[in-house]
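Reading through the structure tokens given below for one structure.
By convention here, the first residue in the shown sequence is residue 1. We count ligands from 1, going down the list as the structure has it; atoms in each ligand are counted the same way.
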Amino acid sequence: MNTKTLLLGQTFEARGNPLTHPWQDVTFVNSSGGVLIQGTTITEVGDAGVLRKNHPDAEVQDYGQHLICPGFVDAHVHYPQTAIIASWGKQLIDWLNTYTFPEEMRLSDPDYARTIAERYLDLALDHGTTTMCSYATIHPASVDAFFEQAALRNMRTVAGKTCMDRNAPDGLRDTPHSAYDDSKALLRKWHGKGRAHYAITPRFSPTSTPEQLSALGALWAEHPDCLMQTHISEQLPEIAWVQELYPAARDYLDTYESHGLIGARAVFGHAIHLEPREIDRIAETGAALIHCPTSNSFIGSGLMDLAGLAARAIPLGLATDTGGGSSFSMLRTMAAAYEIAQLRGTALHPAQLLWLATAGSAHSLHLENRIGTLAPGREADIAVLDLAATPAIAQRTDEAETIWEALFPTIMMGDDRAIADVWIAGSKRGPVSSG
Ligand code: GUN
Ligand code: ZN
């Protein structure tokens with residue numbers, strides 16, 4: 001019953017974390033590699049010649065010099081903001097009020113929510129992103145729309161209803177009770193259904209009352225296998241506002257911590273201006289921090305200390321944060337991570353960047369046993385990169401002496417044109433059949 005497919009090309013393998021170990025010891029490219037897929041799963045990764053010989057019955061797809069890597073994992077995105085990406089001239093709080101909240105209001109219409117979910121998921125796949133952890137809006141139907149469309153594309157995804165009960169406009173607020181009830185109903189409906197995972201999602205402390213954070217902390221305690229995603233320490237005026245709204249809190253993290261919203265399955269976006277106590281506590285609990293570099297420069301938030309946080313062994317993921325982020329492309333996002341690290345005095349290696357966009361993000365979402373690496377037993381979610389997709393990149397790749405030199409121009413200058421193919425759960429991406 002299982003079809004056998006053999007993908008041949010250059011293959012990227014990660015056997016450990018290249019931010020905490022020398023990248024040479026844990027990341028590898030086989031210039032003549034192969035990935036055997038049986039049904040929905042990767043069953044072998046190895047040398048092309050050996051795999052061909054051992055599996056003469058497999059259907060072969062030869063990608064030549066293309067790089068076969070895990071599908072990208074975008075660990076923090078707002079699919080409802082697809083239509084307002086690249087909106088001009090505002091920093092965080094003004095940007096939310098001017099562009100984001102009015103657009104999120106439009107998703108009260110389930111038809112519009114479906115249109116945006118379809119548009120977003122197709123754009124993500126065009127860019128080689130096979131899994132994402134998304135915020136929806138406060139509207140339960142926006143969660144349904146996302147998971148329904150993801151299911152039609154057979155994608156492994158994480159999402160949750162964004163909860164806000166203050167400092168948001170009329171029509172875009174819930175209550176502590178309704179946030180609890182709606183999140184619980186959605187979680188029961190979607191968590192573990194097919195490839196869907198639910199994340200309990202308070203937007204951020206300024207838009208939740210302490211009562212709402214408590215209610216969501218209680219819900220998480222009842223469903224500890226869910227993720228909990230939110231924002232932390234993105235911009236200095238935001239942090240000052242949190243101090244005003246929560247005068248008894250020791251710091252930003254404490255507004256979550258004191259309401260039961262910290263733990264190994266917490267996923268915090270941005271984390272730019274953390275205090276030492278916050279870093280200690282995050283390291284202690286095993287919570288993940290998600291780097292959103294295009295967003296952090298686009299909205300003017302600051303330079304996350306990726307290397308410093310990695311040195312504390314904190315799980316780290318990479319994300320577009322669309323539409324605060326300025327791209328749907330995880331390649332563009334890796335480029336921004338490189339540039340921000342350079343501004344802080346660290347040159348991230350291409351192996352580290354590609355790891356962050358795949359295994360690192362998968363690990364931060366506790367999906368590392370399913371996706372994010374090319375390894376036997378992993379689901380066959382794969383992106384195939386053309387390392388010479390544009391004339392500007394090709395003239396650079398032509399001169400490259402190593403695979404890393406050949407890959408780096410695609411990381412820095414690549415976009416959806418570099419995505420030669422996408423495989424989802426063992427099938428090459430085709431048209432969506434209905435919906
Ligand atoms: N903080 C709270 N909400 C948001 C959002 O939608 N985008 C970003 N970048 N930061 C936020
Ligand atoms: Zn965000």
Report yes or no: does Thr207 contribute a side-chain atom to a donor-acceptor pair with the main-chain N or O of Arg203 at less than 3.5 Å? no
Quick check: do Glu379 and Thr40 have side-chain heavy atoms less than 4.5 Å from each other?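 Not touching, per the 4.5 Å side-chain cut-off.
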Below the 3.5 angstrom mark, is there an N/O of Asp321, backbone or side chain, next to an N/O of ligand 1? yes
Close N or O approach (Gln81, ligand 1; < 3.5 Å): yes
Contact check: His270 to the Zn ion (ligand 2), N/O/S below 2.8 Å: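 Coordinating: no.
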Looking at the Zn ion (ligand 2), is there an N, O or S atom belonging to Asp321 that lies under 2.8 Å away from it? yes
Nearest neighbour in protein (non-hydrogen) for [atom]:
{"atom": "atom 3 (N) of ligand 1", "result": "Arg203 NE, 2.7 Å"}
{"atom": "atom 10 (N) of ligand 1", "result": "Glu234 OE1, 2.7 Å"}
{"atom": "atom 7 (N) of ligand 1", "result": "Trp95 CZ3, 3.4 Å"}

Look up atom CZ in Arg195 and atom CE in Met155, then write down how far apart they are to the nearest 0.5 Å.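 Rounded to the nearest 0.5 Å, the CZ-CE separation comes out at 8.5 Å.
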Short list, please: which atoms of ligand 1 are under 4.0 Å from a heavy atom of Phe204?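 Ligand 1 atoms under the 4.0 Å threshold to Phe204: 1 (N), 2 (C).
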For His270, the ligand 1 atoms whose distance to one of its heavy atoms is below 4.0 Å: 9 (N)
Can you label the angle between the [X] ring and the [Y] ring as parallel, tilted or perpendicular, going by 30° and 60°?
{"X": "His259", "Y": "Tyr246", "answer": "perpendicular"}
{"X": "Tyr256", "Y": "Phe268", "answer": "tilted"}
{"X": "Trp404", "Y": "Trp23", "answer": "perpendicular"}
{"X": "Tyr79", "Y": "Tyr120", "answer": "tilted"}
{"X": "Phe328", "Y": "His127", "answer": "tilted"}

Classify the contact between Glu238 and ligand 1 as side chain, backbone, both or neither, using a heavy-atom distance cut-off of under 4.0 Å.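 For Glu238, no heavy atom sits under 4.0 Å from ligand 1.
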For Tyr99, which part has a heavy atom under 4.0 Å from ligand 1: side chain, backbone, both, or neither?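 It is neither; nothing of Tyr99 touches ligand 1.
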Should we say atom CZ of Arg277 is surrounded by more than 12 heavy atoms from elsewhere, each under 6.0 Å from it? yes
Among N, O or S atoms, His231 approaches the Zn ion (ligand 2) most closely through NE2
Given atoms NE2 of His78 and NE2 of His76, what angle do they subtend at the Zn ion (ligand 2), to the nearest 10 degrees?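 Reported to 10°, the angle equals 110°.
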